[in-house]
**Q** 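My questions all concern the structure below.
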Amino acid sequence: MGEYKSKLQSKEMDYLCEAVLCLKTKEECYRFFDDICTINEIKSLEQRLQVAKMLNNKKTYLDIAAATGASTATISRVNRCLNYGSDGYKIVLGRLK
């Protein structure tokens, strides 16, 4: 994979990425995300990843909305990212198989 330039890129974002990459266990992840995110923020991230997983598994918007509680706008946004985004979801979903 070539050098990727994100519109989010900054020294501060690099530091956040390094922080996430240094976590070694699920417990460490829970502890970090408990501290850095509100419950609603982390639930939104969790929901988007579940939506991406279901879209990747060819589930319908109706099935995804029923299973996750996500709005059609959220499902559509995640689908757009899966198809035309930065491949972040694809990288993670491919590694989690």
**Q** Which pairs with one or both residues in residues 42-51 pass side-chain hydrogen bond (donor to acceptor under 3.5 Å, both in side chains), sequence neighbours excluded?
**A**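 Those involving residues 42-51 do not exist here.
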
**Q** Distance-only, no hydrogens or angles: does the N57 side chain make a donor-acceptor pair with backbone N or O of K53 under 3.5 Å?
**A**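 Present.
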
**Q** For S86, give me all partners under side-chain contact (heavy atoms from CB on, under 4.5 Å), at least two apart in sequence or on another chain.
**A**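 S86: side-chain contact (heavy atoms from CB on, under 4.5 Å) contacts with Y4.
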
**Q** List, by chain and number, the other hydrophobic cluster members for Y15, where Ile, Leu, Val, Met, Phe, Trp and Tyr join if side-chain heavy atoms come within less than 4.5 Å, directly or indirectly.
**A**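 None; Y15 is a cluster of one.
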
**Q** What residues, two or more places apart in sequence or in another chain, satisfy side chain to side chain donor-acceptor pair (under 3.5 Å) together with T72?
**A**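 T72 satisfies side chain to side chain donor-acceptor pair (under 3.5 Å) with no residue once adjacent residues are dropped.
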
**Q** With sequence neighbours excluded, what pairs up with N40 under the side chain to side chain donor-acceptor pair (under 3.5 Å) test?
**A**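 Checked N40 against side chain to side chain donor-acceptor pair (under 3.5 Å); zero matches.
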
**Q** Residues in side-chain contact (heavy atoms from CB on, under 4.5 Å) with R77, at least two apart?
**A**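 Here the qualifying residues are R80, C81.
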
**Q** If a pair satisfies salt bridge (charged side-chain N to carboxylate O under 4.0 Å, His left out) and one of its residues is in residues 29-38, list it, with sequence neighbours excluded.
**A**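 Sorted pair list: E27-R31.
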
**Q** Can you confirm whether the side chains of N79 and S76 place a donor and an acceptor under 3.5 Å from each other?
**A**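 Result is no, nothing qualifies.
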
**Q** Who passes side chain to side chain donor-acceptor pair (under 3.5 Å) against D87, sequence neighbours left out?
**A**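 D87 satisfies side chain to side chain donor-acceptor pair (under 3.5 Å) with no residue once adjacent residues are dropped.
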
**Q** Quick one: name the residues clustered hydrophobically with I64, using the 4.5 Å side-chain heavy-atom rule over I, L, V, M, F, W, Y, and just say none if it's on its own.
**A**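 Its cluster mates, by chain and number, are L49, V51, M54, L55, Y61, I75, V78, L82, Y89, V92, L93, L96.
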
**Q** Within the supplied structure, the quantity of interest is the number of heavy atoms (other residues, nucleotides, ligands) at a distance under 6.0 Å from I39 CD1; does it exceed 12?
**A**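 Open.
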
**Q** Test of understanding: with side-chain contact (heavy atoms from CB on, under 4.5 Å), list the residues that count as partners of K24, not counting sequence neighbours.
**A**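 Applying side-chain contact (heavy atoms from CB on, under 4.5 Å) to K24 gives E28.
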
**Q** Name all residues meeting the side chain to side chain donor-acceptor pair (under 3.5 Å) criterion together with E18; count only those two or more places apart in sequence or in a different chain, and write none if there are none.
**A**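 Expected list: none.
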
**Q** Cluster partners of F32, using ILVMFWY side-chain heavy atoms under 4.5 angstrom, listed by chain and number?
**A**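 Answer for F32: L8, M13, L16, V20, L23, F33, I36, I42, L45.
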
